[in-house]
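Remember, it's a predicted structure, so these values are computed and weren't measured experimentally. Hydrogens, waters and symmetry mates are skipped; everything else that's a heavy atom, side chains included, is used. Counting begins at 1 with the first residue of the sequence. Counting convention: from 1, in listed order, for ligands and their atoms alike.
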Amino acid sequence: MRPTVIAGNWKMHHGPAATREFFPEFSPELSDPEPTIGILPPAISLLAAVEARKGRPEVALGIQNIHWEHKGAYTGEHSAGMALSTGARYALVGHSERRHVFDETDDEVRQKVSAALGEGLIPVVCVGETLEERQAGRVDDVIVRQLDAAVEGLPEGAPRFLLAYEPVWAIGTGETATPADAAAAHGTLRKRMAETLGAERAAEVPILYGGSVKPSNVAEILAASDVDGVLVGGASLDAKSFAAIAEAG
Ligand code: PEP
């Protein structure tokens, strides 16, 4: 059975001091079985998060972006190995802000997935359509193209990864996909993974939904078919609100 995953992407919020303040205030009463909780702070706050999380094995940490090379002249970048050795377990790859604000390509996403897996980080691969693409009836085309590019060339039996379906028009806008829309997109992704990676492997990959998830709508999203968890931006910044979301997991 796939675990429920509740992940928080802090984006460019919470420096080290705010990160240290967050953890003591984040004390969800978790269900049984407990969901997997992941927090992805800015890279500069990762070490503070590692220290503040001590004694909290239920909370894993991640990095929001990696470079595909191990090291080199890439000013401002971080490698998967560096993130892993700092304490990250997950790496977000292909978030829509990386794709649309920083022009990250499908090919770069593929290289980052490969680098993360090669170093032992678990990639959380984000896919999702823009509003124009949805209105043009191209949701499946876009998310299947992004998925295929991200997993292209993965060796058989390669380590696990997670997928996050995040419609671009729902990120940070207050607009949420309906549970039926999320279920349809997740079903498309699961079916495509079965075709390309095999049914057994496809059945193991948790698919998270992301896009304006908050305490008031998380339960109905999690109840939708094929939704194995949520990736939360804005509502993960406040410890109490993220705890309420984790409690629904
Ligand atoms: C995100 O950043 O991945 C996200 C889903 O943001 P928000 O929850 O704020 O829409």
Practice item. Assess G211 for proximity to ligand 1: is some non-hydrogen atom of it under 4.0 Å away? Key: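 Distance cut 4.0 Å: G211 passes for ligand 1.
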
Practice item. For A164 and ligand 1, answer yes if some heavy atom of the residue is under 4.0 Å from a ligand atom, otherwise no. Key: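 No, A164 has no heavy atom closer than 4.0 Å to ligand 1.
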
Check your understanding: Hey, are W169 and E129 close enough side-chain-wise for a donor-acceptor pair under 3.5 Å?
Key ->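 The answer is yes; a qualifying pair exists.
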
Check your understanding: Just checking, any donor-acceptor pair under 3.5 angstrom between side chains of H70 and E119?
Key ->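 H70 vs E119: donor-acceptor pair found between side chains.
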
Review point. How long is the gap from CD on E204 to CG on L197, to the nearest 0.5 Å?
Key: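 It is 10.0 Å, given to the nearest 0.5 Å.
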
Exercise for review: Could you grab the distance from atom OG1 of T36 to atom CG of L30, nearest 0.5 Å is fine?
Suggested key: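 It comes to 10.0 Å.
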
Of all the non-hydrogen atoms in the protein, which one sits nearest to [atom], and at what distance?
{"atom": "atom 1 (C) of ligand 1", "result": "H95 NE2, 3.2 Å"}
{"atom": "atom 5 (C) of ligand 1", "result": "E166 OE2, 3.1 Å"}
{"atom": "atom 10 (O) of ligand 1", "result": "G172 N, 2.6 Å"}
{"atom": "atom 9 (O) of ligand 1", "result": "G234 N, 2.8 Å"}

Below 4.0 angstrom from a heavy atom of [X], which ligand 1 atoms are there? Numbered from 1 as shown, please.
{"X": "A170", "answer": "10 (O)"}
{"X": "S212", "answer": "7 (P), 8 (O), 10 (O)"}
{"X": "N9", "answer": "1 (C), 2 (O), 3 (O)"}

**Study point:** Any N/O pair E97/ligand 1 closer than 3.5 Å
**Key:**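 N/O-N/O distance under 3.5 Å: no.
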
Review point. Do ligand 1 and T173 have nitrogen or oxygen atoms that lie under 3.5 Å from each other?
Key: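 No, since none of the N or O atoms of T173 sits under 3.5 Å from an N or O of ligand 1.
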
Practice item. Take the angle between the ring planes of F22 and H14 and call it parallel below 30°, perpendicular above 60°, tilted in between. Key: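 Ring orientation, 0 to 90° scale: tilted.
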
Review point. Within a reach of under 6.0 Å around NZ of K214, are more than 12 heavy atoms found that belong to other residues, nucleotides or ligands?
Key: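 More than 12 heavy atoms, drawn from other residues, nucleotides or ligands, come within 6.0 Å of this atom.
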
Practice item. Answer yes or no: does atom CG of L131 have more than 12 heavy-atom neighbours from other residues, nucleotides or ligands under 6.0 Å? Key: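 Result for CG/L131: enclosed.
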
Exercise for review: Please write out which residues are connected to L231 in a hydrophobic cluster, directly or through intermediates, given that two of Ile, Leu, Val, Met, Phe, Trp, Tyr count as joined at side-chain heavy-atom separations below 4.5 angstrom.
Suggested key: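 V5, L40, Y90, L92, I122, V124, L162, L208, listed by chain and number.
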
Review point. Taking ILVMFWY side chains as joined if any heavy atoms are under 4.5 angstrom apart, and letting links pass through other members, which residues group with V142?
Key: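 None, because no other hydrophobic side chain comes under 4.5 Å of this residue.
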
Exercise for review: With heavy atoms only and a cut-off of under 4.0 Å, state how I171 meets ligand 1: side chain, backbone, both or neither.
Suggested key: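 I171 to ligand 1: contacts from backbone and side chain alike.
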
Point to revise | Closest to atom 7 (P) of ligand 1 (judged by heavy-atom distance), picking from S96, G174, A7, G233 | key: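 It is G233 whose heavy atom sits nearest to atom 7 (P) of ligand 1.
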
